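Everything quoted here is computed from the prediction, not taken from an experiment. Chain letters run A, B, ... following the sequence lines, proteins first and then strands; every chain starts at 1.
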2 protein chains.
Amino acid sequence: MSSALKRSKQLSEPTVARLPIYQRITDEWIRRGNIRIDSDTLGQLAGVQSATVRRDLSGLGPLGTRGSGYECILLKSRIDEVLGLDKRYDIIVVGMGNLGRALVNSRNFLTGNARLVGVYDSDPAIVGTEVAGLVVRSIEEPLLPATVGVICTPAEFAQDVADRLVANNTHAMLNFAPKVVTVPIGTAVRYVDFSIELQILEYHLTNGTGPLGGGVLHTLGITAPGATANA
Amino acid sequence: MSSALKRSKQLSEPTVARLPIYQRITDEWIRRGNIRIDSDTLGQLAGVQSATVRRDLSGLGPLGTRGSGYECILLKSRIDEVLGLDKRYDIIVVGMGNLGRALVNSRNFLTGNARLVGVYDSDPAIVGTEVAGLVVRSIEEPLLPATVGVICTPAEFAQDVADRLVANNTHAMLNFAPKVVTVPIGTAVRYVDFSIELQILEYHLTNGTGPLGGGVLHTLGITAPGATANA
DNA sequence: GGATGTGAAGTAGTTCACAGCC
DNA sequence: GGCTGTGAACTACTTCACATCC
């Protein structure tokens, strides 16, 4: 068991998904010159209720100050610590098509200590070219050691890539291929599937859930607030 | 209230998110020459329990046959109907940076009846160029009518774009910018945030949830099955 | 006074287990 | 016999409401 867990209890998945949002907001709040932030403000900006914020943060150990809220710097560093962002992560991306290339070149992809160490493709026309400062390797080559693998291949290769990642001792993966993959227990997989997102939106457009609460959807555990209704 | 809802009760958000997966699997199952599929098989392939499959599908009205499972063609068309995929959807994408371009060129993005009608950017060097068969319009121009808007701008412009989409009568949006946006009730927003996904994975790597159940994560309501453990 | 942290209550989602139907 | 559909039980998550502490 890691040191971060010693001070924090087991966090629920929705809570874990909200922590990066709180962190991003706190960051921005600091940049605007604030010292503290309270659960109400944080909730407003994150689109969740203040009680949810407090419940989430209470899982990180003693943190807030009754009467004045959370000290921004402390909050930020505690979230960093719990998420494990104070460590280094090596990432490899398999599949350098449109999406793979866009990802590795994207400003939003790599957070603090994540480092892109290798990119792979099967297409001989792409292998050997340079992407994001790295030479694209052939998928035939052995994979470099990495803690996180990103699957950007077509669906039909996703399972193969997942198997190879597992064999490579890479036990966390982000799968952009529209395919559910099977992995052994102990391996974490997150799915990002654009067409599913669109289809969910289309469901709500078709079955408009009525005047009240129709637009309040959840992704990553976030409730997009109905501004005009809340305010 | 739409016709699709007449035969189906209100579906929960996790259920809605799983329907596209069932559909994709059923499609593939048909392509392999099968006529029927049962909840057990469907669950296996989707990474959820068979009871969950049955509960999900029971919300679509009478569908299965006791003793022999679900008739593939019927299942597929019923899901299409409930999700509203039998209608046309016009989509506009704002922000033609790396990600926006990759998206509109991606094979996995546009489902059946979704049609890309307009793409926008603020950069004069990009406006006027052609992407995915469309000429990139200036963000200064009025937006084309559309049912779904996709936000691929940097975080600082996300709220502006969301506001303009709402003013444009576009009440469903997919937000790739790392920013929670505020919209009126009746507008649906889904978030796709790569760096949050990575941070969630990093949390699990750091706080390895132990030998048992460590790798079973949820996204879109999917449980990635532990193959070696289940089989 | 003011905001956190948390039992208790409420709500939502999943899983069990089996009656019902083919 | 086999598999769906669903009450009932269970588990997970959120929200309320307030005692607690600064």
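- Nucleotide dT6(C) holds its P atom 12 Å from the CG atom of Leu60(A), rounded to whole Å.
- Contact check on Glu28(B) versus Arg32(B) returns a salt bridge, with a Lys/Arg side-chain nitrogen under 4.0 Å from an Asp/Glu carboxylate oxygen.
- Atoms CG (Leu75(B)) and C1' (dC3(D)) sit 15 Å apart, rounded to a whole Å.
- Under 4.0 angstrom from either OP1 or OP2 of dT14(D) there lies no side-chain N or O belonging to Thr52(A).
- A donor and an acceptor atom, one from each side chain of Gln23(B) and Asp27(B), are nowhere located under 3.5 Å apart.
- One atom, CD of Glu13(A), and another, C1' of dG13(C), lie 15 Å apart when rounded to the nearest Å.
- At whole-Å resolution of the value, CG in Leu42(B) and P in dG5(D) are 12 Å apart.
- Between the CD atom of Glu71(A) and the P atom of dC22(D) there is a distance of 16 Å, rounded to whole Å.
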Show me the donor-acceptor pairs, under 3.5 Å and distance only, between side chains in residues 57-76 of chain B and residues at least two apart or in other chains.
{"unit_1": "Ser58(B)", "atom_1": "OG", "unit_2": "Arg55(B)", "atom_2": "O", "d": "2.8"}
{"unit_1": "Glu71(B)", "atom_1": "OE2", "unit_2": "Ile73(B)", "atom_2": "N", "d": "3.4"}

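- Checked against salt bridge (charged side-chain N to carboxylate O under 4.0 Å, His left out), Arg107(A) has no partners two or more places apart in sequence or in another chain.
- One interatomic measurement links the two molecules: CD of Gln49(A) to P of dA17(D), which rounds to 12 Å at whole-angstrom precision.
- A sub-4.0 Å separation between OP1 or OP2 of dG5(D) and a side-chain N or O of Tyr70(B) is present.
- Note on Leu57(B): nothing from the nucleic acid sits closer than 4.0 angstrom, heavy atoms only.
- In this structure, Arg18(B) does not reach the dG13(C) phosphate: none of its side-chain N or O atoms is under 4.0 Å from OP1 or OP2.
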>> Strictly under 4.0 angstrom, non-hydrogen atoms only: write out the protein contact profile of nucleotides 17-22 of chain C, one letter per nucleotide from the 5' end, B, S or -.
In response: B-BBBB
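- Asp40(A) and Gln44(A) form no side-chain donor-acceptor contact under 3.5 Å, judged by distance and modelled atom types alone.
- Residue whose closest nucleotide on DNA chain C sits further toward the 5' end, between Asp56(B) and Ser39(A): Ser39(A).
- Between the side chains of Asn108(A) and Ser195(B), no donor N or O sits under 3.5 Å from an acceptor N or O.
- With hydrogens and angles left out, the side-chain atoms of Asp38(B) and Thr41(B) include a donor and acceptor closer than 3.5 Å.
- For Leu11(A) and dC13(D), the CG to P distance is 11 Å, given to the nearest whole Å.
- Per the geometry, CZ belonging to Arg55(A) stands 11 Å off C1' belonging to dA9(C), to the nearest Å.
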